[in-house]
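Down below is the structure, laid out as structure tokens.
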Amino acid sequence: VEDLLSFIDASPTPWHAVRETARRLHDAGYKELDEREAWRLAPGERAFVVRGGGSIIALRLGARPSLGFVIVAAHTDSPGLRVKPRPEVAGKQLALGVEVYGGPLLHTWLDRDLSLAGRVALRGGRTALVHIPRIGRVPALAIHLDRVVNTEGLKLNPQTHLRPLLALDAELEPSAFQLRLSEAVAEQGEDPEGILAWDLALFDAQPSAVGGARNELVFAPRLDNLASCHAALTALLEAPARDETQVCVLYDHEEVGSESASGAASQFLLSVLERVSALDSTAPDATARALARSFLVSADMAHALHPNYAEKHDEQHAPLLAKGPVIKVNVSQRYATDGLSQAVFAEACQSVGVSHQRFVSRNDQPCGSTIGPITAARIGIRTVDVGNPMLSMHSARELCAAADVGPMIRVLTEYLGRASVPDPRA
Ligand SMILES: [Zn+2]
């Protein structure tokens, strides 16, 4: 659990999550591959590939790379507020213009100490990852000025009501925003004069913590889906080697639909798998044969039963916190799971003595989706959608159970190390 908290706190943005993942892989002996170069890899070797800064694929080659792939997928991005290209909104005071990324619970961004982090693009193709602590806050409107907010609900206009207040004097040149950004770039040893553009996200400044009356709860931002990224990565590092190639893919852009050059709808994964299966086979059908012998576990967080809203779940399929990994089923393929793919995951759970749960949404409630069905549709391999149960999904500060962290890692480790892939004809 402590390791998960430090992973989350090191990963305020997808770009930081990839840097932290790459750092851990590097420390474990993985070498970085460049998509622009030819890859020279031997069986058993470990490597990783980054695309677009926010997506990463880690591989441990099997004894026979073309024999197939056991894959775990998750996503690095989280819903929230991103900084617009011309962000200074100067009224009497200086506010920051933001754009909504994905589907955050907007009210959770009010009255939180907000930090800023992300990637700055500099002259000459250079980039810097920056972090600016406690740059501002989106103040809630006092109840005296909105007497019905508690009875009729809070209505937020995303254009006008979500701007953080940064500074009290809007006239100063350079602006407080430019000043802090320049300082952050200089701290990274880069020339602030070279700033051309950026991808910057706001995030809650409060560090992750363990809490609850018996320290059973994890209070943290971005559990969806950094908790799954952490579990997938840790499992890859711990799993015993096998003949098939083990793969961990962490995608950016899930929260906005995955349609991007590096998201789950891209050919990033397929392109990497093609290059790997070509390592020990020159046959034109090597990739097709390898994919037919492959399996994917798509790990994304699941909706635990909410103590105050029990009616939101199907009573037979209402996962509880601390009761183990959840297998997600939706016959309309909002989840890619089928009976055989459920069996692969359930067997891995059994093998390591971990109990699992099932989730099916109510028929009168629309079902969310995730990277599982998108990846399955793109590369045509059997997939199961799973995830640990959580509450407050898409809040600026989410909640899961400490007791679920270790079991998911053990199950994914067992799957990567030993699970057998079902016959694709079945
Ligand atoms: Zn998610």
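Residue numbers count from 1 along this sequence. Just follow the structure's listing: the first ligand is 1, and inside any ligand the first atom is 1. Keep in mind that the numbers below use all heavy atoms, side chains included, and drop hydrogens, waters and symmetry copies. Everything numeric in this text was worked out from a predicted model, so none of it was measured.
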Quiz item: Hey, is CZ on Arg23 packed in by over 12 heavy atoms from elsewhere, all under 6.0 Å?
Solution: yes
Quiz item: Take atom CZ in Arg64; do more than 12 heavy atoms of anything else shown fall under 6.0 Å from it?
Solution: no
Quiz item: Take atom NE2 in His26; do more than 12 heavy atoms of anything else shown fall under 6.0 Å from it?
Solution: no
Practice problem: Just say parallel, tilted or perpendicular for the rings of Phe177 and Trp198, cut-offs at 30° and 60°. | Solution: perpendicular
Self-check item: Nearby protein N/O/S atoms (those under 2.8 Å) for the Zn ion (ligand 1), with water ignored
Solution: His75 NE2, Asp224 OD1, Asp300 OD1, Asp300 OD2
Self-check item: With sequence neighbours excluded, residues passing side chain to side chain donor-acceptor pair (under 3.5 Å) with Glu238
Solution: none
Quiz item: Are the aromatic ring centres of His131 and Phe203 under 6.0 angstrom apart?
Solution: yes
